[in-house]
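Beneath this line is the structure, given in C-alpha cells, with notes to follow.
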Amino acid sequence: MMLRRGFILFLPRLVGLLVVTCCSMSIVYMLACTPKGDNQQLALPRVHSPTVKEGYEAILQEQEEQHRNYIISLKKQIAQLKAELQGRTEQLKSMQSQYPDSLDIQFDHSKAEKAQDNLLAFLRSQVDKAEVHSGVKLSTEYAAVPFESFTLQKVYQLETGLTRHPEEKPVRKDKRDELIEVIELAVGSLNKPDGVSKAKPRVYTASDFVEGIYRTEKNKGTLYELTFKGDAKHQFKKIVLFRPFGPVMKVKNENVNMADTLINVIVPLAKRASKFRQFMQNFREMGIQQDGRIHLTVVYFGKEQMNEVKSILENTSKSANFKNFTFIQLNEEFSRGKGLDVGARFWKGNNVVLFFCDVDIYFTAEFLNSCRLNTQPGKKVFYPVLFSQYNPSIIYGHHDSIPSLEQQLTIKKETGFWRDFGFGMTCQYRSDFINIGGFDLDIKGWGGEDVHLYRKYLHSNLMVIRTPVRGLFHLWHEKQCLDELTPEQYKMCMQSKAMNEASHGQLGMLVFKQEIETHLHRQKLSSKKT
C-alpha cells in the first residue's frame with residue numbers, strides 16, 4: 001500500500017522531469033540544426049558559454065566586423081565610379097579644347113542624357129534671351145535689329161549702300177554684344193595657364209587686341225579670327241573661335257484668325273488733291289475691293305482744295321458703297337504728327353489697328369495682312385521698311401514713254417531703294433499708341449515726329465518688328481524743302497530729296513553727261529574717217 005502511494009506521489013515529478021528534458025532537447029536541436037545562408041546567421045549564446053554578457057559581446061563584435069567590411073566594399077565602388085567619371089570628364093575636356101565654346105552653364109557629364117537635357121535648356125535660354133516673346137529696351141533707333149522678309153522664290157533684304165557709312169560703330173545691339181563677348185572670351189583664353197611654362201604668365205587685356213575678322217555661314221555658325229599683341233614688337237597671338245548654331249526649334253504653333261481685325265488707315269493731308277485722287281484709286285482697289293476690313297480717316301488742314309478732296313472721298317463712297325470713312329478738318333498749320341494723333345484719338349470703337357499712312361503711298365492687300373499679323377496689343381508694333389521709287393523721268397528717260405504705275409512698282413536696284421531711314425509708315429494697335437503717349441505735338445511741319453514715336457516704342461517693352469515688305473511703296477514726287485524748317489529738319493529734307501532721285505549709277509550718268517556725249521561724238525567722227 002505504501003509502495004503504491006509513493007509511486008503515485010513520484011509520478012507527477014517524473015512527468016515534469018520528462019517535460020523539461022524534452023523541451024531542453026528541442027531547444028538544443030533547433031540551435032544545432034538552424035540552416036545558414038550566404039551571410040552566416042548569428043546564434044543566441046550557447047547554454048555552455050562562459051556568461052550571457054560575453055556571448056552578446058561576441059555577437060556585437062561579429063556585427064561590427066560585417067558592417068566594417070560592407071563600408072570598405074562601398075568605398076571601393078565609389079572610388080571606381082569616381083575614376084570612371086574622371087576619365088569621361090577628361091575625354092569631354094579634350095573635345096572642348098578642339099571645339100571651344102562659351103557656354104555659361106556647367107554640364108553634368110556623368111550621364112549623356114543629362115548633358116542633352118542641359119544642352120536643350122541652354123538652347124531654350126537662348127530663345128528667351130532673344131527678342132522672341134517680348135521686346136527689349138533699346139537706346140536709339142539705330143540699335144533695333146531689322147528682320148529680312150522672304151518668299152518661296154525671293155529674299156527681300158536691306159542694302160548697305162547709301163544709308164550706311166564705310167566705317168561706323170557697331171551700334172546695333174546684337175552686333176555690339178556679340179563682338180564684346182568674343183573679345184572677352186579670347187582674352188580669357190589667352191590668360192588661361194597652360195600648365196607647362198613655369199615663368200610668370202603675361203596678363204592680356206582688351207587693349208592688346210589688334211584686329212579681328214569674322215564670317216557667318218547661316219546653317220553652320222560664325223568663325224572668328226582675332227589678333228592680339230605678342231611678347232615682342234613683331235610677335236602676335238592669334239585666337240580662332242567658332243560659334244556653332246543649334247538646331248531649329250519650334251517656339252510657337254498657333255492659329256491666327258484675322259477675319260474681324262479692322263485697320264483704320266489715317267492720312268494727314270493739306271492740299272494735294274491730285275495725289276489724293278491717285279491714293280483713293282489704290283485704296284478702292286486694294287482696301288475696299290480686295291481686303292474689305294478697312295476704315296479710312298482723313299485729317300485735313302486748312303480749307304484750300306478741301307471741297308475737291310471731300311468730293312473725291314464722297315464719289316468713292318457712292319461708287320464702291322463704302323461708308324467706313326471719317327473726315328476731320330483742322331483750321332491750323334499742317335503738322336503730320338498732329339494730324340495722325342488727332343485721327344487716332346478720334347476713333348471711338350473697339351481697339352483697332354492703326355496704319356499711319358501718307359497720300360503718296362501705294363499698298364497692296366498682302367501688306368494689309370502683314371500689318372495685322374505683325375501687330376499685337378501690348379506686345380508688338382510693326383515698322384515696315386517700304387520700297388521708295390526713284391524719279392521715273394530719270395529711270396525711264398531713255399524710253400519712248402514712262403510705263404504705267406503698276407509696271408513701275410518693281411523691286412529692283414535700278415528702280416528704287418529700301419527706305420530704311422524712314423519710320424513714318426507704321427502699324428500698331430490704338431491702345432498701344434495711347435499708352436505710349438502718342439506723337440510729340442510740339443513738332444511742326446515736316447519730319448521728326450515719326451522718329452520720336454519710334455524711339456518711344458524702342459524704350460518700352462513692346463517688340464518692334466522692323467522688316468522690308470514687298471507690298472508697300474513710296475511713290476516718287478518732287479520734294480520741296482521750305483525755308484521755315486529748322487536747320488535739322490531742312491538737312492533731313494535735303495538728304496531725303498537727294499536719295500529720292502536716282503541710283504548712284506544713274507546720278508553718275510547725269511553728272512558725267514557732257515563727258516559721255518563728248519566721247520560718243522568723238523567716236524562718231526573717228527568712225528566716219530575710217
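Nothing fancy with the numbering, it's 1 onward along the sequence. Only heavy atoms go into these numbers, but all of them, side chains included; no hydrogens, no water, no symmetry mates.
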Can you establish whether the number of heavy atoms outside [X] located under 6.0 Å from its atom [atom1] is more than 12?
X	atom1	result
Lys271	NZ	no
Phe327	CZ	yes
Glu517	CD	yes
Asn331	CG	yes
Met509	CE	no

With a 4.5 Å limit on heavy-atom distance, are the side chains of [X] and [Y] in contact?
X	Y	result
Lys323	Ser317	yes
Lys380	Tyr429	no
His295	Thr326	yes
Leu475	Leu409	yes
Lys238	Leu226	no
Phe387	Thr415	yes
Phe473	Phe363	no
Val381	Ile465	no

Can you name the closest pair of heavy atoms from [X] and [Y] and give their distance?
X	Y	answer
Gly471	Phe367	O-CB, 3.4 Å
Pro392	Ile402	CB-CG2, 4.0 Å
Gly339	Ile266	O-CG2, 4.3 Å

Can you check whether [X] and [Y] have ring centres sitting under 6.0 Å from each other?
X	Y	answer
Phe356	Phe433	yes
Tyr454	Tyr383	yes
Tyr390	Tyr396	no
Phe276	Phe283	no

Using a strict 4.0 Å threshold on nitrogen-to-oxygen distance, state whether [X] and [Y] make a salt bridge.
X	Y	answer
Arg336	Asp358	yes
Glu181	Arg243	yes
Glu308	Arg277	yes
Glu449	Lys338	no

Handout entry: Partner residues of Asp360 under the salt bridge (charged side-chain N to carboxylate O under 4.0 Å, His left out) criterion, sequence neighbours left out
Key =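 Result, salt bridge (charged side-chain N to carboxylate O under 4.0 Å, His left out) vs Asp360: Arg272.
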Handout entry: side-chain contact (heavy atoms from CB on, under 4.5 Å) assessment of Phe279 paired with Leu296
Key = CA-CA 12 Å; Phe279 172 82; Leu296 176 63; 4.3 Å; yes
Say whether, by atom type as modelled, one donor and one acceptor occur between the side chain of [X] and the main chain of [Y] under 3.5 angstrom.
X	Y	value
Thr426	Phe382	yes
Trp418	Phe421	no
Ser189	Ala186	no
Arg466	Asp420	yes
Asp291	Met286	no
Glu211	Thr227	no
Tyr457	Asn461	no

Problem - Identified side chain to side chain contact (heavy atoms under 4.5 Å, CB included) counterpart of Gln428 within the set Leu453, Val464, Leu462, Asn374 - result: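 Per the side chain to side chain contact (heavy atoms under 4.5 Å, CB included) rule, the option paired with Gln428 is Leu453, out of Leu453, Val464, Leu462, Asn374.
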Rounded to the nearest 0.5 Å, how far apart are [atom1] of [X] and [atom2] of [Y]?
X	Y	atom1	atom2	answer
Thr364	Glu285	OG1	CD	10.0 Å
Arg455	Ile436	CZ	CD1	14.0 Å
His477	Gln389	NE2	CD	10.5 Å
Asn264	Asn351	CG	CG	11.5 Å
Ile294	Leu262	CD1	CG	8.0 Å
Phe325	Thr316	CZ	OG1	9.0 Å

Tell me yes or no: between the side chains of [X] and [Y], is some donor less than 3.5 Å from an acceptor?
X	Y	answer
Arg430	Asn435	no
Gln523	Ser526	no
Gln407	Ser404	yes
Asn307	Gln305	no

Exercise for the section: Tell me, with the steps shown, if Thr297 and Val267 meet side-chain contact (heavy atoms from CB on, under 4.5 Å). Expected result: CA-CA 6 Å; Thr297 299; Val267 180; over 6 Å; no
Practice task
Please report the C-alpha distance between Gln329 and Lys310 in whole Å, then the side-chain angles of each, then the deciding distance to 0.1 Å, and finally whether the side-chain contact (heavy atoms from CB on, under 4.5 Å) criterion is met.
Solution key: CA-CA 10 Å; Gln329 195 263 335; Lys310 290 180 70 174; over 6 Å; no
Handout entry: Chi angles and distances behind the side-chain contact (heavy atoms from CB on, under 4.5 Å) call for Met280, Leu313
Key = CA-CA 8 Å; Met280 287 306 298; Leu313 188 58; 4.0 Å; yes
